[in-house]
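What follows is a short report on a single structure.
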Amino acid sequence: MARCDKLVDVGRRAFFARTAAAAAGAAVTASLPGSGARAAEAAPALALVTYPAARLANIKDLKVDEPINITYPDQQSPGILLKLGHPVVGGVGPDQDVVAFSTMCPHKGFPLFYRASDKSLNCPGHYSRFDVEKGGLEIWGHATQNLPQFRLRVDQNGDIYAQGVDELLYGRLSNILQA
Amino acid sequence: MAYKRNIDRLPIPPKDAKVHNVVCHYCIVGCGYHALSWPVDRQGGPQSGRNAFGADLTQQQGAMSGNWFSPSMYNIVKQDGRDVHLVIMPDDNCEVNSGLNSIRGSRIAEMSYSAVRQTQQQRLTESLVWRYGQMQPTSWDDALDLVARVTASVIADQGEDGLIVSMYDHGGAGGGYENTWGTGKLYFGAMKIKNVRIHNRPAYNSEVHATRDMGVGELNNCYEDAELADTIVVVGANSLETQTNYFLNHWVPNLRGTSLDKKKTQLPNEAHEAARIVIVDPRRTVTTAACEAEAGKDRVMHLAINSGTDLALINAWLTYIADKGWVDHAFIQASTTGFDKALTANRTSLEDAARITGLTVDQIRQSAEWMAQPKQGGARRRTMFAYEKGLIWGNDNYRTNAAYVNLALATGNVGRPGGGCVRLGGHQEGYSRPDYPGPRPAPYIDQLLISGKGGVHHIWGCDHYKTTLNALNFKQAYKKRTDMVKDAMSAVPWGDRQGMVTAITDAIKKGGLFAVDVDIVPTQIGQACHVMLPAATSGEMNLTSMNGERRMRLTERYMDPPGSAMPDCLIAAGIANNLERVFGEMGKQDVAQKFTSFDWKTEEDAFMDGYHQHEKGGQFVTYARLRAMGTNGFQEPAIGLEGEEHAAPATTTGGTPGMVVQGPTLNARGKEPTKQATPANTSTPPIASSDTRKIIGTKRLYTDGKFNTKDGKAIFLATAWRGLSVPGKAEEQKQFPFLINNGRTNHVWQSAYLDQQDDFVTSRWPFPFIQLSPGDMADLGLKPGDLVEVYNENGSTQAMAQPSAVARPKEAFMLFAYPKGIQGNVVSKGVNELVIPNYKQTWGNIRKLADAPANTKDLSFKSQEYQVPS
């Protein structure tokens, strides 16, 4: 019996050692901004990042082809909110024509500008072009992602909220920056 | 909706992630990348002390950050049998790309084989043989035994002409010095095979014979010359899409004027401005639009010539420049022969050229001024002359190439800073082979195969069904011949090896063909093959190549090949070993003896046997030294080692200044001379050294004014205009209304052999596009995305209609070599006098096949051109 107990004990110690190591690793991805998580109180990492809901504007603020500068999911990530004037896939609002996109080029992070004449976002860095009527499809360019689009919701008062992103944003390895 | 990966975070490389040197294995530019890898159960953190970048990743990274990678730069792969995270991201310190990544190179990781993430599951993992009426996996020994027995039997029966070989001659993926040597030693060393062709043309020839005949290797400048030139002239190339980071990192700074300081420092005592550019292309491309955005329209001249009339334009330039007295008489006198004779033969007036090309006299005169009128203060204008497939696959290849080199030589722009007369290139280069034993012109291999010649066909990294001319006819004939052998094989039990070989050789005698395909993926021509052998690609093996400025680097092995795939050089050795055994068993000891020196265990063994021993300067080059030189490497040829006495760096042609080395050059891609007349050493290959001294290379060729001819003088050639030179083309032009011009697009590398399994690419281009003017769209009753048939007497194919506001009426442009619609089907079998195909001058008809399919509804048909904000 003494020998068996000893083996059990060795096994328990090995088990705890492994658990501690795993918990330390998990803490890295569990540390969402402001959570204050530390290795000692590590929780399992979630499979997806949790996006904030951010009010961008009210439907009444929007005019066709006059983009509003926004940031989402935080102040360091610029984008535009845009009313296109006709329904598009992914468009919200009464006319199903309101969309929002990141304006950091997913190639090298240069700021995109809007060209109303053909409803495209354009990169002055290396000439990439994205179609805002087609979910940010890269018309031509160097990025290996189509343009990240912000998922929108409109409430009963016409307030427009961003509540998610469908591609990795340029310049960050987590769309929600980790502390 | 547009394709989205819905990836919102990626693993962070830890501080101790392994780093390997990588050169992008796609285009000739050869951008520098790094492969970071670390165990699958570990990760770094966002704090600067916890990641491989030493960067604070809790903050948004700025533009051009070296600390960010996109989802396509990430994967999970096997490394030494274990799963690892893999990130392949651009190297900020590589002089070629300075951290830039193209839409192709950014996907090296995503287009790697991953069982975990299900990428590139098309890869061949085991040898496959035609057994019981289908392709079945088998062992290497089993497959190679059959290949050797059938090959030996055909050679015994028909001689070596019975073996037909298709093999790449380039660098990068599906090539490289190790693999060109491995295949070359097998077919040109152990055997003397004449019936050989290359991946994109139906004979074993140079795409740029003329420049080599004139003594001017086609990759004679350096990428920095594009930053130093007063004027860049580019004929038949769309460099923003096809040499992307060369254009962005070296042409654009000069067009913007941001390389002015470099010009003033390196080239003092002469006037400098931002560059001007002359672009010769029947089609307006995104390259032209980008040049206009950077330099302003008044410094960009797009000469939209009539298709195939480049030669008349170039001859007129030479005539006008010579008549103005703007040629470099001192250089012509000292370093060339035949100028006066060539000038007389090529004399073309501005008016005649305008009539032939469709340009105005003023356009031709002004462009000539841009390239040769002395600068303010009288200094010679520095002009870089570049060209690629518009010229190479264009009308009268040999003469047009020669005419262009005439112009560069006459204006003194070869071997000087800011100059050069260079092809821009497709693949990287990586050619090291014994001399081709065949004649010039070389045999037209496709026609041999179509007409029933040859009994066995070995294919290395080629897919003729997608990338040859006259492709539909070729496919029909090829299928018929290989089906005869398949049917014969299906009738014999596999265990009866002698019975199987007899059945195959009997079918061959009746006109059948036995086909062996070595590749990384199941190609379209592979559908017809009887044996498929799985190859490793760049990064799954150590691989050396050089880029368009002869910059040689080593891509280190950073992951395992899938299944039992092997480097091509070792597969070639395996075939040689089996042929030795089989010929021995047949009692042909004298033949068996020829296959004895293929005892390589690794790709490094093949490198030391080939490049190190046979290429000029190869004695200085080892894996250890290349590894230490990272993604910058050195520019070939090597002339010595740091700390040792060596020839002056300006010397291009030999071990001592002015020495002319007259090694064989015909098939040496890009650099001349390629070999010492007598190889440095042909005995046992040396053991690779671990010494990591820096290799001294050669920035520009011919700076000493000595060229690769017997007397060291470059030769001017007579190149009079003679209309459409390839038989049948003039008649085709008269008969059919549409020019079916063709070429590349940014998203796609080569024949899309990997892209065809990349959702990002296939969602953008589900079909090959054909660009049509709005008027032609209307006349044909087409809406964007409709499927059309392109047809003529050569064959037919399909494409997706794409309106283009800048397309000229009746001048269509179709994506080349795309799997879902083979442009080569409608290209005639006509070739030039040296068996170079003429893909570009193709005429046909177009009709609607079907309304736009559902997978085109998310596409954008807006203009691809960038314009500066108004």
Side-chain angles (χ1 to χ4, degrees), chain A residues 25 28-29 31 33 48-49 51 74 76-77 89-90 104-111 113 115 117-120 122-131 133-149 164-179, chain B residues 1-12 41-46 50 57-65 67-73 99-103 106-107 110 240-241 244 248 252 286 289-290 293 746-747 760 763-764 858-870:
Chain A
V28 175
T29 47
S31 307
L48 301 174
V49 304
Y51 286 99
D74 55 54
Q76 297 186 58
S77 172
V89 177
M104 291 185 290
C105 181
H107 174 226
K108 284 291 171 187
F110 286 82
F113 65 88
R115 179 178 292 286
S117 60
D118 70 355
K119 297 188 195 295
S120 61
N122 297 267
C123 182
H126 309 99
Y127 332 117
S128 297
R129 283 167 47 70
F130 302 90
D131 191 339
E133 295 177 295
K134 295 285 188 178
L137 185 84
E138 188 169 33
I139 301 166
W140 188 92
H142 313 286
T144 47
Q145 297 165 267
N146 293 311
L147 190 61
Q149 184 165 10
V165 185
D166 64 6
E167 269 284 8
L168 191 68
L169 294 166
Y170 173 82
R172 41 181 78 192
L173 294 177
S174 170
N175 276 349
I176 302 296
L177 292 169
Q178 297 172 305
Chain B
M1 278 289 285
Y3 169 72
K4 297 292 174 72
R5 292 183 185 79
N6 282 292
I7 287 174
D8 48 23
R9 64 182 161 183
L10 288 169
I12 296 174
D41 56 353
R42 295 192 50 233
Q43 60 187 329
R50 298 190 57 205
L57 302 180
T58 66
Q59 301 299 310
Q60 171 72 39
Q61 305 300 301
M64 295 292 292
S65 171
N67 306 323
W68 183 72
F69 51 91
S70 67
S72 67
M73 298 183 201
L100 289 172
N101 45 288
S102 76
I103 194 170
S106 312
R107 292 184 287 114
E110 184 173 79
L240 175 56
E241 296 197 84
T244 300
L248 292 175
V252 167
V286 291
N746 203 37
H747 278 67
F760 174 71
S763 65
R764 182 69 183 93
D858 292 328
L859 302 185
S860 178
F861 294 97
K862 292 178 183 175
S863 166
Q864 300 189 343
E865 289 191 10
Y866 173 85
Q867 293 172 29
V868 291
S870 44

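Letters A, B, ... are given to chains in the order of the sequence lines, protein chains preceding strands, and every chain is numbered from 1. Given the structure is predicted, the values throughout are model-derived calculations rather than measurements. As a basis for the values below, the full set of heavy atoms in this structure was taken, side chains included, without hydrogen atoms, waters or symmetry mates.
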Identify which part of [X] has an atom lying under 4.5 Å from any heavy atom of chain B, answering side chain, backbone, both or neither.
X        : value
A/Cys105 : neither
A/Pro106 : backbone
A/Tyr51  : side chain
A/Arg115 : side chain

Any idea which of [options] has the most non-hydrogen atom pairs under 4.5 angstrom with chain A?
options                               : answer
B/Ser72, B/Pro869, B/Ala290           : B/Pro869
B/Leu57, B/Asn67, B/Ile7, B/Val252    : B/Ile7
B/Lys862, B/His747, B/Glu241, B/Met64 : B/Lys862
B/Glu110, B/Gln867, B/Arg107          : B/Gln867
B/Ser70, B/Gly99, B/Pro71             : B/Pro71

Please confirm whether the backbone N or O of [Y] pairs with a side-chain atom of [X], one donor and one acceptor, at under 3.5 Å?
X        : Y        : answer
B/Asp8   : A/Leu168 : no
A/Gln76  : B/Gln60  : yes
A/Arg172 : B/Gln59  : no

Distance-only side-chain donor-acceptor flag, A/Trp140 / B/Glu865, under 3.5 Å: no
Any side-chain donor near an acceptor of the partner, A/Thr144 and B/Ser106, under 3.5 Å: no
How close do [X] and [Y] get, heavy atom to heavy atom, and via which atoms?
X        : Y        : value
A/Ile139 : B/Ser863 : CG2-O, 3.5 Å
A/His142 : B/Asn101 : CB-O, 4.3 Å
B/Ile103 : A/Gly141 : CD1-O, 3.4 Å
B/Leu240 : A/Tyr127 : CD2-CD1, 3.9 Å
B/Asp858 : A/Lys134 : O-CD, 3.8 Å
A/His107 : B/Leu100 : CE1-CD2, 4.4 Å

Pairwise side-chain contact, B/Tyr3 with A/Leu137, heavy-atom cut-off 4.5 Å (strictly under): no
Side-chain touch B/Ile12/A/Gln178, heavy atoms, less than 4.5 angstrom: yes
Ring geometry between B/Tyr866 and A/Phe113 (parallel below 30°, tilted from 30 to 60°, perpendicular above 60°): perpendicular
Spacing of CG belonging to A/Leu173 relative to OG1 belonging to B/Thr58, to within rounding of 0.5 Å: 12.0 Å
When [options] are compared by non-hydrogen pairs under 4.5 Å with chain B, the top option:
options                               : result
A/Asp166, A/Leu48, A/Val89            : A/Asp166
A/Gly90, A/Pro148, A/Gly164, A/Ala143 : A/Ala143
A/Asp131, A/Asp74, A/Leu169           : A/Asp131

Of B/Lys4, B/Arg5, B/Arg9, the residue whose pairing with A/Glu167 passes salt bridge (Lys or Arg N to Asp or Glu O under 4.0 Å): B/Arg5
B/Phe861, part contacting chain A, at a heavy-atom distance under 4.5 Å: neither
Engaged part of B/Ser65 at the chain A interface, taking heavy atoms whose separation is under 4.5 Å: both
